[in-house]
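In what follows, chains carry the letters A, B, and so on, assigned in the order in which the sequence lines appear, proteins first and then strands, with residues in each chain numbered from 1. Predicted, not measured: the structure shown is a model, and the values here were computed from it.
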Number of protein chains: 2
Amino acid sequence: MDTLETRELRYFVAVAEELHFGRAAERLGMAQPPLSRAIQQLERRLAVCLLERNRRGVRLTGAGEVLLQEGRAALDAAAAAVRRTRRTGDAGGPGGPRGRLVLAVKAAASHELLRRLLDAYAAEPDSAEIEVLPCGICEQEELLRDGRADVALMHTPWNSLAGFDSEALTAEGQVAVLPAGHPLAARETLSLAEVRDVPGLPLARWPTRGVYAPGPGPEIHNQTQLAQLIALGRTVAVAPDSARSWLWAEHAAVPLTDAPPVVTHIAWPAHSRSLALAGLVRTATAMTGPPASTVPAG
Amino acid sequence: MDTLETRELRYFVAVAEELHFGRAAERLGMAQPPLSRAIQQLERRLAVCLLERNRRGVRLTGAGEVLLQEGRAALDAAAAAVRRTRRTGDAGGPGGPRGRLVLAVKAAASHELLRRLLDAYAAEPDSAEIEVLPCGICEQEELLRDGRADVALMHTPWNSLAGFDSEALTAEGQVAVLPAGHPLAARETLSLAEVRDVPGLPLARWPTRGVYAPGPGPEIHNQTQLAQLIALGRTVAVAPDSARSWLWAEHAAVPLTDAPPVVTHIAWPAHSRSLALAGLVRTATAMTGPPASTVPAG
DNA sequence: CGCGGTGATACCCGCCGGGTATGACAGGGC
DNA sequence: GCCCTGTCATACCCGGCGGGTATCACCGCG
């Protein structure tokens, strides 16, 4: 009628991502014919054309693009429902997830802040157990959406806070991270423009909101890989001030004068009602200074 | 395995809301035994106890409360996927919902702003058709979540922007709306405290984020009802300045000195990629003054 | 012109979602 | 104490449909 089963969404998303019925069916662990039929039924029920079948491949229509986007969100929501329910079920007790709270943190970022936060929260009366889930660059948003995490530390402008509740915690400047021997490493300060076009030293690219900007530099997936590439003199990176904590001897950090500040936020799914989460957020905001910088949404 | 069908979510949400298998089954248009079995299967698959069956009724466990909340969100997301896909499918064309855009507006609020916005947007080159969906107080959030609307005008602090992208448009003060003959109606200004305890004239209550605060005053569901009750001398209300536009002769408006300002935002589901929506938001922000007041989330 | 690779069709089967009938059990009225 | 009522659970059956296999229709290509 006017409701979609998650099975149908799963099927469509698979096809829309693969743009190939056979591969999609394989990914779903099923045969191709039933998948074709399911998609046809879907299109008939929605009375909408989702895919354009040219011989040789498949393309998405406008409606298909919308369903891909919205369907992913719906699947994430369903997965989140399962995960969060399971998590609270383990520990039991009413009033939301009381026993365990999964905190997603970019690996090796916000290290000092994280330590202080965990210590301060553990000292609170009846605090929940915090499981720290280290994640790749820019992965926090996905983890929050699909329920693998309950709360995350995010860094604007790298992460997007869209769709989440959040509180700003701290702000910091940015530095250029260079090979120690590089001529620019001796400078007191640098500008973004200077760093951007160092001859023979392309700027490393990491994803902003999940997508890599085009450019000549290498695509960075984790901080170790980045450190190595810099140490090898293959790239230069722009990173928040706190990155100094993981620099090697072969690295040099030079403050940037005109880079936007990096703001660390604690973020969680909108409308979360967990007591444990509320306590953690209260601890975090109280710790990093009173309501100097809070987000208006609330 | 580790995925929930929307059917199962629908069933559980019905039971969790009714707290009664028989009534829930009736609401779902099915018999009670299969519903009982479905919920049992659900609990077994999640390996979590969701309901506490005392003889004489049913109660939610902590996990059950979480699943109710998350399940509603997932069902909304699935419904939104259907609705938005259908809407764009009608008009066809790639690049997101191009043909029609549904704008949810509190009936009779922001009237002047709305008119200007619609006029300005219609004047844009290749603008989409805007369908205005008038809605009850505080209903916009639900409409955006389940896809009945694509974009909404919201008013903090009445509405919550949590979970949405938004841009602030205008801010205005608030006034007390009194029966014209009332002694306080002659005052130049009033304070919230003065309005709150006028003898024999309890403050009208309308929902903040969907829930009514407790109090002696009448619960307001729409603006006409409110206007009538005020005119009859049964209640007094606090309303934004623009409410003056719908006042009757029997009403009087007195500015409040210490009420928080009401900010009108244009809000839309996070991560929306519609070109038409982007155009509307651009028009709205450009119209109400340059980037004086924008929300940081991007 | 045959071959490979695409998605669609035809057909069959077994599972499971749903219905009906009934049971188990507790509370309340008399 | 009794039975009656209202609740959810169990037992059993059936039909639909989701999924599999085999095959077709079509096109591009060497």
Side-chain angles (χ1 to χ4, degrees), chain A residues 1-61 63-65 67-68 71 75 78 82, chain B residues 1-61 63-64 67-68 71 74-75 78 82:
Chain A
M1 205 74 91
D2 62 340
T3 182
L4 279 185
E5 291 307 313
T6 66
R7 183 180 49 82
E8 308 181 85
L9 284 175
R10 245 189 355 261
Y11 289 2
F12 175 75
V13 168
V15 173
E17 285 179 352
E18 300 284 348
L19 290 178
H20 189 290
F21 279 80
R23 281 195 299 274
E26 189 183 5
R27 194 175 109 183
L28 292 165
M30 66 187 291
Q32 170 258 320
L35 179 58
S36 281
R37 198 181 50 175
I39 301 292
Q40 285 172 14
Q41 286 175 354
L42 185 65
E43 288 181 300
R44 226 173 324 129
R45 281 179 45 194
L46 292 178
V48 157
C49 180
L50 299 170
L51 298 170
E52 217 173 280
R53 281 95 153 165
N54 318 334
R55 316 259 156 232
R56 223 80 185 169
V58 177
R59 267 188 26 208
L60 285 176
T61 66
E65 302 229 28
L67 187 59
L68 175 57
L75 289 178
V82 174
Chain B
M1 203 76 91
D2 63 341
T3 181
L4 278 185
E5 292 305 314
T6 65
R7 184 179 50 82
E8 307 181 85
L9 283 176
R10 247 189 353 261
Y11 289 2
F12 176 75
V13 168
V15 173
E17 285 180 351
E18 300 284 347
L19 292 177
H20 189 290
F21 280 80
R23 280 194 301 273
E26 188 183 9
R27 195 173 108 183
L28 292 166
M30 65 186 292
Q32 169 258 320
L35 180 59
S36 280
R37 198 181 50 177
I39 300 293
Q40 285 172 17
Q41 284 175 354
L42 184 65
E43 288 181 300
R44 228 174 322 130
R45 282 181 42 195
L46 292 178
V48 155
C49 180
L50 298 170
L51 297 170
E52 216 173 280
R53 284 95 153 163
N54 317 336
R55 319 269 159 220
R56 223 82 184 170
V58 176
R59 266 189 26 207
L60 285 175
T61 65
L67 186 59
L68 175 57
L75 289 178
V82 174

**Student:** Check the distance between dG17(C)'s P and Glu8(B)'s CD and give it to me in whole angstrom.
**Tutor:**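 Glu8(B) atom CD is separated from dG17(C) atom P by 8 Å.
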**Student:** Of the candidate nucleotides dT6(C), dG19(D), dC8(D), which contains the atom at the shortest distance from the side chain of His20(B)?
**Tutor:**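 Taking heavy atoms from C-beta onward, the closest nucleotide is dC8(D).
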**Student:** Verify the contact: side-chain N or O of Arg53(B) to OP1 or OP2 of dA9(D), cut-off strictly under 4.0 Å; return yes or no.
**Tutor:**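 Arg53(B) to dA9(D) OP1/OP2: side-chain N or O found under 4.0 Å.
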**Student:** Applying side-chain contact (heavy atoms from CB on, under 4.5 Å), can you list everything that pairs with Arg37(A), at least two apart in sequence or on another chain?
**Tutor:**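 If we apply the side-chain contact (heavy atoms from CB on, under 4.5 Å) test to Arg37(A), skipping adjacent residues, the hits are Gln41(A).
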**Student:** Whole angstrom is fine here: how far is it from CZ in Arg23(B) over to P in dC8(D)?
**Tutor:**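 Roughly 8 Å, once rounded to whole Å.
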**Student:** Expressed in angstrom and rounded to an integer, what is the separation of Glu5(B) atom CD from dG18(C) atom C1'?
**Tutor:** 16 Å
**Student:** Taking the side chain as every heavy atom from C-beta outward, state whether Leu68(B) and Val13(B) have any pair of such atoms under 4.5 Å apart.
**Tutor:** yes
**Student:** What's the CZ-P distance between Arg59(A) and dG7(C), to the nearest Å?
**Tutor:**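 Computing the Arg59(A):CZ to dG7(C):P distance gives 15 Å.
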**Student:** Could you give the CD-to-P distance, from Glu52(B) to dT7(D), as a whole number of Å?
**Tutor:**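 It works out to 18 Å between those atoms.
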**Student:** Using the C1' atoms of five pairs at each end, what's the angle between the two axes of the helix from dC1(C)-dG30(D) to dC30(C)-dG1(D), to 10 degrees?
**Tutor:** 10°
**Student:** So Phe21(B) and Ile39(B), do their side chains get closer than 4.5 Å, heavy atoms only?
**Tutor:**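 Yes, close enough: below the 4.5 Å cut-off.
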**Student:** In residues 26-42 of chain B, which residues come under 4.0 Å of DNA chain D by heavy atom?
**Tutor:** Gln32(B), Pro33(B), Ser36(B), Gln40(B)
**Student:** Between P on dG18(C) and CZ on Phe21(B), what's the gap in Å once rounded to a whole number?
**Tutor:** 15 Å
**Student:** Does a side-chain heavy-atom distance below 4.5 Å link Arg45(B) with Leu4(B)?
**Tutor:**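 They are in contact (side-chain heavy atoms under 4.5 Å apart), so the answer is yes.
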**Student:** Could you tell me how far apart Glu18(B) (CD) and dT7(D) (C1') are, to the nearest whole angstrom?
**Tutor:** 15 Å
**Student:** Do any pairs count as a salt bridge (charged side-chain N to carboxylate O under 4.0 Å, His left out) and have a residue in residues 20-29 of chain B, sequence neighbours left out, and if so which ones?
**Tutor:**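 Applying salt bridge (charged side-chain N to carboxylate O under 4.0 Å, His left out) to every pair that reaches into residues 20-29 of chain B, excluding sequence neighbours, yields Glu17(B)-Arg27(B), Glu18(B)-Arg23(B), Glu18(B)-Arg27(B).
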**Student:** Does the side chain of Leu67(A) come within less than 4.5 Å of Leu46(A)'s, by heavy atoms?
**Tutor:**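 Yes, their side chains come closer than 4.5 Å.
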**Student:** Please enumerate all residues that pass salt bridge (Lys or Arg N to Asp or Glu O under 4.0 Å) together with Glu5(B), with sequence neighbours excluded.
**Tutor:** Arg10(A)
**Student:** Under 3.5 Å, which donor-acceptor pairs link side chains of residues 28-36 of chain A to any protein atom two or more places apart or in another chain?
**Tutor:**
from     : atom 1 : to       : atom 2 : distance (Å)
Gln32(A) : NE2    : Ser36(A) : OG     : 3.1

**Student:** Expressed in angstrom and rounded to an integer, what is the separation of Arg44(B) atom CZ from dG17(C) atom P?
**Tutor:** 11 Å
**Student:** Looking at Thr6(A) and Ala78(A), what are the two nearest heavy atoms and their distance?
**Tutor:** CG2-CB, 4.3 Å
